[in-house]
Amino acid sequence: MKRERFLSLIFRVTTGVMASSPFLILLFILIVLVRDAIPAIRYQGSSFFTGVTWNMGNMYANNPIVHNGVQAAPGASFGILPFIMGTLGSSLIALLIGVPFALMTAFALVYKVPKPIQRVLSPMVELLAGIPSVVYGLWGVESLSPFIEFKLGPLLTRLGHAVPFLAGPVGTGFGLLTSGLVLAVMIIPIITATTRDLLMQVPTLSLEGAHALGLTSFESVRFVAYPWVKRGIFGAIVLGLGRALGETMAVLMVSGDAANYLPYNLYSPISTMASTIAALLDSALTDFTGMSVHALAFIALTLLVITVITNLIARLLVSMGRQNVHVEM
Amino acid sequence: MGNDVSLMSDVRTYSVGTMATAARSQTLEVVRDAHESIIHVDRLTAFYGNKRVLNEVTLKIPSNQITALIGPSGCGKTTLLRTLNRMSYATPGFRHEGTVQILGQDVRSLKDVETFRRSVGMLFQRPNPFPMSILDNVTLALKLFGISKRRRNEIAEEMLGEVGLLHEIKDRLHQSPSSLSGGQQQRLCLARALAVEPKILLLDEPASALDPKSTRLLESLFVRLAERMTLVLVTHNLAQAKRVAHHTAFMESGELVEWGDTAELFSAPKDERTKVYVEEHIG
Ligand SMILES: Nc1ncnc2c1ncn2[C@@H]1O[C@H](COP(=O)(O)OP(=O)(O)O)[C@@H](O)[C@H]1O
Ligand SMILES: [Mg+2]
């Protein structure tokens, strides 16, 4: 009896820890990042978010400057606005292009493609989602960027009169548009797979009711299947957005590695928060004051907060939408 | 969708009991062959893959009456019913030989299935309301067919009244159908089907998931609807067939064994198989 009670206690404690582990892990990462970033916050203050200049200072000098009680290399300045803009801009493009494409693919897979073909195509979506990002990056470098430099870019610049942001110069083909497109291609499989799985759950009986009523297959999907899954689709999109915001390698390869200016047009070189951390960590480690690493930690903290807030807002919207969607049957 | 539907009181309140009685007396009044047939099934043989599930079924279904399809589970009742409005065509591996003519059209060579299906409504074994408000359930198809919002709401009100839902759920029209009972949901589906003014209603064991009271209510509605449309009712419940159907067809192993006037089929079956089945299943 005693032994059983002991075992049940152990069980309760372990499951309790396991269950709260997502929260604990998040908390742990947050604490580490905040601790790491504090010196940078003291040094840079709020101009972190408004500053456009990122300069780790003269790291070969041996006379650190002192500001607010923390040391930094002479000339150091850590404005991350360009990285924030680069991240949000490229993710936005990825969503604008990737979401319609992914949704249409998922709907076609589930409702339009004959079953045998569906059985072949469906696992391919997972396959695409599993391709390492460096491969997508290489594709961006080899194929997409020349295409944008010589074909798509020049074409889009013709619309420059109407939409100034589309005006040239197109540049090298490495930049905002290329990054956004690579990210779009990367998030399409995730959103497609999630949406497809959701659509498979839509009750056949409901769809048959729609067909029997004389609705076309588009109408049945749009008005009967879609309401069942729209909350879930929203979640799928947020999942994709999360991936786009945090994607590092692929973007690093095609972003054009901008520093110290904001994107000036659709083709402008950019840097994202994630790619900047990866690109600059090496040289930041040589900063004898350690301040550059603290600044990178601050970027990481910002990225984390943006990602968490995005997710929270999405969840909020979903639960607000829940009240007037009649899907709980 | 609509928020401004005005809800008058339901003028069509009626009692279930009297309707059921009406049903019975009407059954007695049936004059055979006084109604032209509206559905012709001619030597229909159907397969799922290599499996034959209907074998040379020939059947004429008279208009403005209720025809019941009875028979043991798996004998092909659902397949036959779903071939009438081409729903079975969507089942992988389904194919058929022979012809089905409905409203003068050959079902196999229909140009416009959607328009055809507006005149052939269907109720399923379980209620299948759409994931939208009760009112929208009834008006959705009308909206897609381009009918004005005012008219849609009028029709919805009329149909919900017709199935006896309006006075039950007047204040819940904008809520989800999930709050309705099974019987109410099935009647909502009936109202939804009626809204597009079908000439034929296909009913696949529509009461099999319902309690006796809801079943009787639904039956009384069918009887009343038979005044203006043709109903084909698949049922495993022989008492139900007896209560509401003018004609009954008995199927076994994909074959149509016998069909005729309901009273005759039950009291004096011509085929031995019918006789055995009826004797076993009538309580
Ligand atoms: N989608 C399907 N694929 C293959 N066989 C089916 C399918 N649906 C029904 N069947 C088979 O066809 C036969 C007739 O089924 P059904 O028409 O549903 O009979 P009932 O409605 O009389 O019970 C049964 O043997 C059943 O197993
Ligand atoms: Mg059946």
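This structure is a prediction, so every number in the text was calculated from the model and none was measured. Proteins come first, then strands; the chains are lettered A, B, ... in the order of their sequence lines, and each starts at number 1.
- When all heavy atoms of A:Ser206 and B:Phe130 are compared, the closest pair comes out as O-CE2, 3.4 Å.
- When all heavy atoms are compared, the tightest approach of B:Phe124 to A:Gly209 is CE1-CA, 3.8 Å.
- Residue A:Phe28 places its CZ atom among 12 or fewer non-hydrogen atoms of other residues, nucleotides or ligands, all under 6.0 Å distant.
- Interface remark: A:Ala225 contributes no atoms to any contact with chain B (heavy atom separation under 4.5 Å).
- Residue contact with chain A, scored on non-hydrogen atoms closer than 4.5 Å, is absent for B:Phe116.
- For B:Arg192, the parts lying near chain A are the backbone and the side chain together; criterion is any non-hydrogen pair under 4.5 Å.
- Within 6.0 Å of CZ in B:Arg228 there are more than 12 heavy atoms belonging to other residues, nucleotides or ligands.
- Around the CZ atom of A:Phe165, the shell of radius 6.0 Å holds more than 12 heavy atoms that belong to other residues, nucleotides or ligands.
- Heavy-atom contacts from other residues, nucleotides or ligands closer than 6.0 Å to CZ of B:Arg126 number 12 or fewer.
- For the set B:Leu144, B:Thr115, B:Leu202, the count of heavy-atom pairs under 4.5 angstrom toward chain A peaks at B:Leu144.
- For B:Glu197, the CD atom counts as loosely surrounded, since its 6.0 Å shell holds 12 or fewer non-hydrogen atoms of other residues, nucleotides or ligands.
- Atom CG of A:Leu213 sits about 8.5 Å away from atom CG of B:Leu142, to the nearest 0.5 Å.
- Residue-environment remark: CZ (B:Arg108) exceeds the threshold of 12 foreign heavy atoms within 6.0 Å.
- Taking each heavy atom of A:Leu205 and B:Asn128 in turn, the nearest pair found is O-ND2, 2.8 Å.
- Contacts of B:Val120 with chain A are made by backbone atoms alone, with heavy-atom separations under 4.5 Å and no side-chain atom involved.
- We find the CE-NE2 distance between B:Met122 and A:His211 to be 13.0 Å, quoted to the nearest 0.5 Å.
- Contacts of B:Pro198 with chain A are absent, with no heavy-atom separation under 4.5 Å from either backbone or side chain.
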